[in-house]
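Quick note on labels: first sequence line is chain A, next is B, and so on, each numbered from 1.
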Amino acid sequence: MKWLSFHLLRVAKMIKIQREEFNVGDEYQRLRKLSSDDASDNKQSNASSGAIVTFTGLVRDLEKDNRITALHLEHYPGMTEKSLEKIVEEAHSRWPLNAVTIIHRIGEIKVDEQIVFVGTASAHRDAAFASCNFLMDYLKTQAPFWKKAIMPSGEEWIDAKQSDSDAAKRW
Amino acid sequence: MAITILYFARFRETLDCDHEEFSLTDQITTVDALIHALAQRGDHWNKVLNEEKVLIAINQTISDRSDSITDGDEVAFFPPVTGG
């Protein structure tokens with residue numbers, strides 16, 4: 001019954017794949033507006049958002065003890081958008097969400113730069129925290145992106161981590 | 001009858017191919033049969049497409065070797081994903 005009651009209510013979503021940097025402050029405000037617009041427009045209204053949780057992923061400087069200078073992010077145009085939509089719908093079937101934002105960068109991204117942003121808005125914090133965590137675990141194991149490490153010595157594709165697939169299994 | 005095949009990331013580099021149009025024969029009706037046909041091209045192809053963790057998508061949905069393919073399909077082969 002749980003999946004049925006959440007699924008009937010819409011989740012407003014913004015999913016972007018882009019080369020450009022994003023500003024977390026701007027995206028938080030956009031998400032906040034998205035979730036409050038949704039609550040007022042939606043006749044079968046969701047409860048308004050009392051909680052917004054955001055996550056930002058950045059490029060670290062070490063990969064398996066090798067110092068990297070940048071990552072190159074490749075993706076499967078068309079399928080990436082589809083899979084992120086699916087992942088958001090999956091989250092919305094498990095938790096009552098009002099709005100979700102996912103932004104994932106592609107192309108060359110330097111160390112310390114931002115790669116990914118996930119934001120979730122819900123009536124209460126349990127759903128906002130849990131769904132944000134879930135979205136990242138699923139994104140890391142299901143969305144068709146691939147990272148290549150760029151190092152002074154050359155370039156090397158990064159292997160998928162067992163810890164990521166284990167994390168996705170716990171949901 | 002033709003399908004489009006896409007190769008991504010490490011596969012694309014090893015096979016030196018990012019996409020191709022492939023003519024289906026009457027015998028090639030599943031991904032498994034397609035892999036057998038492509039593997040005939042040589043060691044690289046055989047090794048890459050038969051890797052334990054190869055991922056397959058048909059029309060942008062994750063599929064597996066036993067799934068059917070048909071004229072006009074887009075089939076993609078890629079390694080485990082590493083986004084996020």
Side-chain angles (χ1 to χ4, degrees), chain A residues 15 17 55-60 63-64 71-87 102-106 109 114-118 132-149 154-165 167-168, chain B residues 2-22 30-32 34-35 38 42-84:
Chain A
I15 294 169
I17 317 281
F55 169 83
T56 310
L58 308 148
V59 179
R60 277 179 303 113
E63 181 57 36
K64 280 197 214 150
L71 289 180
H72 180 83
L73 262 292
E74 181 170 331
H75 77 301
Y76 182 169
M79 187 174 172
T80 358
E81 293 83 347
K82 273 204 188 85
S83 84
L84 292 177
E85 295 262 342
K86 239 198 260 180
I87 291 167
I102 299 180
I103 301 174
H104 201 300
R105 290 180 64 200
I106 50 171
I109 308 174
Q114 301 172 141
I115 306 170
V116 62
F117 175 86
V118 174
C132 192
N133 205 0
F134 169 87
L135 286 166
M136 271 310 298
D137 282 346
Y138 264 49
L139 192 161
K140 277 180 121 24
T141 53
Q142 300 197 2
F145 293 97
W146 300 274
K147 287 174 181 154
K148 197 177 195 191
E155 299 181 353
E156 200 176 288
W157 290 101
I158 288 176
D159 289 327
K161 292 182 174 64
Q162 187 60 44
S163 56
D164 287 335
S165 52
Chain B
I3 58 170
T4 304
I5 310 177
L6 307 177
Y7 305 95
F8 288 96
R10 175 169 56 80
F11 289 8
R12 179 178 50 73
E13 285 183 356
T14 305
L15 301 175
D16 193 25
C17 179
D18 63 0
H19 81 285
E20 61 173 303
E21 297 301 306
F22 183 90
T30 63
V31 174
D32 190 63
L34 177 64
I35 291 175
L38 295 171
D43 274 347
H44 281 334
W45 292 86
N46 184 29
K47 207 157 162 276
V48 164
L49 297 176
N50 286 302
E51 274 184 20
E52 193 200 327
K53 293 190 180 149
V54 68
L55 294 178
I56 300 153
I58 301 173
N59 299 325
Q60 303 184 355
T61 301
I62 290 287
S63 310
D64 61 55
R65 289 181 78 128
S66 58
D67 287 330
S68 316
I69 49 176
T70 189
D71 187 31
D73 279 346
E74 177 175 288
V75 179
F77 294 104
F78 41 84
V81 301
T82 55

For this session: Decide if atom CD of A:E81 counts as having more than 12 heavy atoms of other residues, nucleotides or ligands within a radius under 6.0 Å.
Result: yes

Problem set entry | For chain B, the option from A:P144, A:S83, A:G78, A:S165 that forms the most heavy-atom pairs under 4.5 Å | A:G78

Exercise. What part of A:K82 gets closer than 4.5 Å to chain B, counting heavy atoms only: side chain, backbone, both or neither?
Worked result: side chain

For this session: Measure the CG-NZ distance between A:D159 and B:K53 for me, rounded to the nearest 0.5 Å.
Result: 8.5 Å

Exercise. What part of B:A9 lies closer than 4.5 angstrom to a heavy atom of chain A: side chain, backbone, both or neither?
Worked result: both

For this session: Determine whether more than 12 heavy atoms belonging to other residues, nucleotides or ligands lie under 6.0 Å from atom CG of B:D71.
Result: yes

Exercise. Any side-chain heavy atom of A:W146 sitting closer than 4.5 Å to one from B:P79?
Worked result: yes

Problem set entry | Inter-residue atom distance A:M79.CE - B:T61.OG1, 0.5 Å rounding | 6.5 Å

Problem set entry | Exercise: identify the closest heavy-atom pair between A:H75 and B:F8 | O-CE2, 3.6 Å

Exercise. Taking the side chain from B:T82 and the backbone from A:A160, do they hold a donor-acceptor pair closer than 3.5 Å?
Worked result: no

For this session: With a 4.5 angstrom heavy-atom cut-off, could you sort out which part of B:L6 is near chain A: side chain, backbone, both or neither?
Result: side chain

For this session: Using a cut-off of under 4.5 Å on heavy-atom pairs, state which of A:H72, A:M136, A:H104 scores highest against chain B.
Result: A:H104

Problem set entry | Per-residue contact mode, A:K86 against chain B (heavy atom under 4.5 angstrom) | side chain

Exercise. Any Lys/Arg nitrogen of A:K148 or B:E13 sitting under 4.0 Å from an Asp/Glu carboxylate oxygen of the other?
Worked result: yes

Exercise. Relative to the ring of B:F78, is the ring of A:Y76 parallel (under 30°), tilted (30 to 60°) or perpendicular (over 60°)?
Worked result: perpendicular

